[in-house]
Amino acid sequence: MLTLHTLRNDRDSLIKAFKSRNLDVTETVDRILAIDQDRRQTQKALDDLKQSQNVASREIGELFKSGQREVAEEKKAAMGDIKERIHTLEQAMRTLEEQQLEGLLELPNRPHPSVPVGTSDKDNVVLSEEGTLPEMGEGALPHWELCERYGLIDFELGTKITGAGFPVYRGKGARLQRALIAFFLDRAVEAGYEEFIPPLLVNSASGQGTGQLPDKEGQMYHCAEDDLYLIPTAEVPLTNIHRDVVHKSDDLPIKLCGYTPCFRREAGSYGKDVRGLNRLHQFDKVEIVQIEHPDRSYATLDAMVEHVRDLLRALELPFRTLRLCGGDLSFASSLTFDLEVWSAAQGRWLEVSSISNFETFQANRLSCRYRGADGKNQLVHTLNGSALALPRIVAALLENNQTSDGITVPEALRPYTGFSIIN
RNA sequence: GGAGAGAUGGCAGAGUGGUCGAAUGCGGCGGUCUUGAAAACCGUUGUACCGCGAGGUACCGGGGGUUCGAAUCCCUCUCUCUCCGCCA
């Protein structure tokens, strides 16, 4: 969430910045600031009352010690009123603090100045396109039919065991999955990211830390009995490793990566978008995360985008890079680049990676800081990106590389798959 | 699942109703000594909020209560550890 400090000092520019998200936050911001005003006055009054209580208590203690019982008893009797007023003000403080936090939590992150104005993914800006789109022959099949033909992924079996959106990978399909995970992890480790295997269930504090809660409550699977959430992305456990931590300035950046399955309820999805591997309730993803010094975070964001683009180049997939517009920007992000691969048989671009700089938005919720040169603790910047999400990569690989002899495996992946063709 | 013990500053660990925001040790930082370092010695070292400032307030796992006054007493929740049971 944004800091109160930001709201107080940057009210006007903040309101202006939110225009690229198509949001008018004037009312919300002013409401929070009004509460803040009230809260500060209340605290001052409360502190003064408590001071007089502390002073009086000390005096009473002294009086008892020196044997002046009667004077002490008199003073004691006079304390009732103060006590009551303190109690009332404490109640008021609690309410004000709650209201203020609620207000701050409902405010999304401030978009970076380079974020284009827009309302939906149609307004995202294509920055570049790389690779040549393959020409598909007459009989080119979409990936779900290829999966069936070669026995790679059984969607119906998953439906029987669990429900729609929980595919069963088998044979070379399963092996391809494992190969991609290993390939992505190896590349991340080579690039200096430390590998983690985090928990797949997280508590609500973690969900709030990275911004899934309360914003996306309904998008996560929730185990009510234990009040735990299935992770929608490794971002949640990986970033929360750094919750309530103060880092040395020299230790930044901290680079983490991890493979996890991801679970998403995807409430409200429908139609052709969800066919085959396009949208699933459970899918695999390798995630990269960085905890970075604010001065360097945008250079780091570029480097992370380049890392993921290299993965796509290695897989020989045509892809394009997008700068997300304000309307498509996620709640917690300041600036996001999306990477999309070309799905030849479907004839459409599929999002396979989202790389974002959250600036201090998550750090504030997480209370993740570094000690600056002046000895003061400052909020870090957090960044993350998919590197990469598997299903749509698999979809594109299968569709783009289909030949009459079978599906060819890109060179870079063969050491991992152990086979060069799926037939 | 059953029984017990515990939660205090970066860490370890005292403190059981009144200058306790908290002893002591370690660690960190600064200094003395040294060509330099180590050792030794001296000093220093939590966070947040309010206030122009002097200063004030809060925080000893969370919440509530008793009391003029709570790290300390009571209730409650959460978590951790040990033992037993179950189990990959």
Side-chain angles (χ1 to χ4, degrees), chain A residues 1-9 32-105 197 199-209 213 222-229 237 240-252 254 261 291 360 363-380:
Chain A
M1 64 189 171
L2 295 170
T3 59
L4 201 53
H5 193 256
T6 310
L7 268 67
R8 270 194 221 148
N9 298 317
I32 295 169
L33 288 175
I35 294 168
D36 186 45
Q37 193 76 22
D38 201 356
R39 196 204 94 238
R40 289 152 94 175
Q41 280 174 6
T42 308
Q43 178 167 352
K44 180 81 181 117
L46 182 60
D47 283 359
D48 288 347
L49 275 177
K50 282 186 172 173
Q51 186 188 6
S52 56
Q53 184 187 47
N54 287 342
V55 170
S57 293
R58 229 166 288 154
E59 280 173 9
I60 291 169
E62 291 298 321
L63 288 170
F64 271 118
K65 264 187 207 164
S66 60
Q68 299 173 260
R69 289 208 153 267
E70 275 176 33
V71 193
E73 289 295 346
E74 242 170 71
K75 286 226 173 222
K76 261 170 77 167
M79 295 298 284
D81 178 48
I82 285 194
K83 244 181 118 174
E84 203 171 302
R85 280 157 70 200
I86 286 178
H87 196 74
T88 311
L89 283 183
E90 273 177 342
Q91 215 86 41
M93 269 300 275
R94 206 167 310 152
T95 309
L96 287 169
E97 276 168 355
E98 268 167 30
Q99 287 173 345
Q100 189 163 50
L101 185 63
E102 263 169 44
L104 284 171
L105 282 175
I197 301 178
L200 305 182
L201 279 79
V202 295
N203 55 32
S204 58
S206 294
Q208 183 160 316
L213 294 174
H222 182 226
C223 308
E225 181 114 28
D226 299 292
D227 193 22
L228 295 173
Y229 295 85
N240 272 283
I241 289 173
H242 296 278
R243 175 151 48 86
D244 296 320
V245 174
V246 180
H247 293 286
K248 292 189 193 129
S249 187
D250 292 343
D251 291 343
L252 304 177
I254 294 161
I291 311 293
T360 60
N364 190 29
R365 292 173 172 228
L366 292 160
S367 188
C368 177
R369 292 161 296 172
Y370 70 96
R371 191 172 287 277
D374 56 356
K376 286 261 177 205
N377 293 337
Q378 310 278 350
L379 293 172
V380 299

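Throughout, a chain's letter reflects where its sequence line sits, starting with A, and its residues are numbered from 1.
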Quiz item: Between atom CD1 of A:I35 and atom CG of A:L33, what is the distance when rounded to the nearest 0.5 Å?
Solution: 9.5 Å
Self-check item: Side chain proximity check, A:Q208 to A:L105, heavy atoms < 4.5 angstrom
Solution: yes
Quiz item: Got a sec, which residues hit side chain to side chain donor-acceptor pair (under 3.5 Å) with A:N203, two or more places apart in sequence or on another chain?
Solution: A:S206
Practice problem: Could you tell me whether A:N54 contacts a base, only the sugar-phosphate backbone, or nothing, with contacts defined as non-hydrogen atoms closer than 4.0 Å? | Solution: sugar-phosphate
Quiz item: Roughly how many Å is it from NZ in A:K50 to P in B:rC50, rounded to a whole number?
Solution: 15 Å
Practice problem: List in chain and number order the residues that pass side chain to side chain donor-acceptor pair (under 3.5 Å) with A:T42, two or more places apart in sequence or in another chain; answer none if no residue qualifies. | Solution: none
Quiz item: At under 4.0 Å between heavy atoms, what does A:R69 touch on the DNA or RNA strands: base, sugar-phosphate, or nothing?
Solution: nothing
Quiz item: In whole Å, what separates the C1' atom of B:rC20 from that of B:rA58?
Solution: 15 Å
Practice problem: With heavy atoms under 4.0 Å as the rule, sort A:Q51 into base, sugar-phosphate or nothing. | Solution: sugar-phosphate
Quiz item: Out of curiosity, A:Q37 CD to A:R8 CZ, how far, rounded to the nearest 0.5 Å?
Solution: 9.0 Å
Quiz item: Considering only the P atoms, how many Å lie between B:rA38 and B:rG30, rounded to the nearest integer?
Solution: 12 Å
Practice problem: Evaluate the side-chain proximity of A:L89 to A:L49: yes if any heavy-atom separation is below 4.5 Å, no if none is. | Solution: yes
Quiz prompt | A:H242 vs A:L366 side-chain heavy atoms within contact, under 4.5 Å | solution = no
Practice problem: Measure the NZ-NE2 distance between A:K83 and A:H87 for me, rounded to the nearest 0.5 Å. | Solution: 10.0 Å
Self-check item: Nucleotide-resolved protein contact map, nucleotides 6-11 of chain B, B/S/- at heavy-atom distance under 4.0 Å
Solution: ------
Practice problem: Whole angstrom is fine here: how far is it from CG in A:D244 over to P in B:rG61? | Solution: 16 Å
Practice problem: Look at the side-chain N and O atoms of A:K44 and state whether any lies under 4.0 Å from the OP1 or OP2 oxygen of B:rC49. | Solution: no
Quiz item: Rounded to the Å, how far apart are A:Q378 CD and B:rU47 C1'?
Solution: 14 Å
Self-check item: From CD (A:Q53) to CD1 (A:I60), nearest 0.5 Å
Solution: 9.5 Å
Quiz item: Which nucleotide in the set B:rC50, B:rC68, B:rA48 lies at the smallest distance from any side-chain heavy atom of A:K83?
Solution: B:rC68
Quiz prompt | Spacing of A:L4 atom CG and A:N9 atom CG [to the nearest 0.5 Å] | solution = 9.5 Å
Exercise. Let me know the distance between CZ of A:R85 and P of B:rC68, rounded to the nearest Å.
Key: 18 Å
Using the 3.5 Å cut-off, write out each protein N or O paired with an N or O of nucleotides 62-64 of chain B and the distance between them.
{"residue": "B:rG64", "atom": "OP1", "partner": "A:R94", "partner atom": "NH1", "Å": "3.0"}
{"residue": "B:rG64", "atom": "OP1", "partner": "A:R94", "partner atom": "NH2", "Å": "3.2"}

Quiz item: On a whole-Å scale, what distance lies between the C1' atoms belonging to B:rU78 and B:rC68?
Solution: 32 Å
Quiz prompt | Non-hydrogen side-chain atoms of A:D227 and A:H222 separated by less than 4.5 Å | solution = yes
Would you tabulate the nitrogen or oxygen pairs shorter than 3.5 Å linking the protein to nucleotides 17-20 of chain B?
{"residue": "B:rG18", "atom": "N2", "partner": "A:S57", "partner atom": "O", "Å": "2.9"}

Self-check item: Residues in side chain to side chain contact (heavy atoms under 4.5 Å, CB included) contact with A:T3, at least two apart in sequence or another chain
Solution: A:H5, A:T6, A:N364, A:L379
Quiz prompt | Spacing of A:L4 atom CG relative to B:rC50 atom P, expressed in whole Å | solution = 8 Å
Quiz item: Does the side chain of A:L101 reach to within under 4.5 Å of the side chain of A:M1, using non-hydrogen atoms?
Solution: yes
Quiz item: Does A:L104 reach the side chain of A:L7, with side-chain heavy atoms less than 4.5 Å apart?
Solution: yes
Quiz item: Does the side chain of A:R39 get closer than 4.0 angstrom to OP1 or OP2 of B:rC50 through an N or O atom?
Solution: yes
Quiz item: Starting at CD of A:E70 and ending at P of B:rC68, how long is that distance when rounded to a whole Å?
Solution: 18 Å
Quiz prompt | Nearest-0.5 Å distance, CZ of residue A:R243 to SG of residue A:C368 | solution = 11.0 Å
Quiz item: Which whole number of Å gives the distance between the P atom of B:rG17 and that of B:rU76?
Solution: 22 Å
Self-check item: Whole-Å C1' distance, B:rG61 and B:rG56
Solution: 27 Å
Quiz item: So what does the secondary structure string of RNA chain B come out as, 5' to 3', with Watson-Crick or wobble pairs under 3.5 angstrom, [ ] for crossing and | for pairs with another strand?
Solution: ((((((((.[[[..)..(.....]]]((((((.......))))))(((((....))))).[[[[[..)....]]]]])))))))....
Quiz item: Would you say A:N377 reaches B:rG46's phosphate, i.e. side-chain N/O to OP1/OP2 under 4.0 Å?
Solution: no
Self-check item: Same-atom distance (P) from B:rA71 to B:rU57, integer angstrom
Solution: 14 Å
Exercise. Using atom CD1 of A:I86 as one end and atom C1' of B:rU67 as the other, report the distance to the nearest whole Å.
Key: 13 Å
Quiz item: Which salt bridge (Lys or Arg N to Asp or Glu O under 4.0 Å) pairs, counting each pair once, include a residue from residues 87-99 of chain A, with sequence neighbours left out?
Solution: A:K50-A:E90
Quiz item: Mind checking what makes side chain to side chain donor-acceptor pair (under 3.5 Å) contact with A:R39, not counting sequence neighbours?
Solution: A:D36, A:Q100
Quiz item: Quick one: A:D47 CG to B:rA48 C1', roughly how many Å, whole number?
Solution: 12 Å
Quiz item: Among B:rC68, B:rU47, B:rU57, which is the nearest nucleotide to the side chain of A:R369?
Solution: B:rU47
Exercise. Can you tell me, in whole Å, how much space there is between the C1' of B:rA70 and that of B:rG15?
Key: 14 Å
Exercise. Identify, between A:G80 and A:D48, the residue whose nearest nucleotide on RNA chain B lies closer to the 5' end.
Key: A:D48
Quiz item: Hey, does the side chain of A:Q53 come within less than 4.0 Å of B:rG69's phosphate (OP1/OP2), counting only N and O?
Solution: yes
Quiz prompt | Closest-nucleotide ordering on RNA chain B, the 5'-leading residue of A:L46 and A:M79 | solution = A:L46
Could you go through nucleotides 73-81 of chain B and list every protein N or O atom that sits under 3.5 Å from one of its N or O atoms, giving the distance for each pair?
none

Could you give the side-chain donor-acceptor pairs of residues 71-81 of chain A under 3.5 Å, partners two or more places apart or in another chain?
{"residue": "A:K75", "atom": "NZ", "partner": "A:E59", "partner atom": "OE1", "Å": "2.7"}
{"residue": "A:D81", "atom": "OD2", "partner": "A:R85", "partner atom": "NH1", "Å": "3.4"}

Self-check item: With sequence neighbours excluded, residues passing side chain to side chain donor-acceptor pair (under 3.5 Å) with A:S52
Solution: none
Self-check item: Pairwise P distance for B:rU8 and B:rU72, with rounding to whole Å
Solution: 14 Å
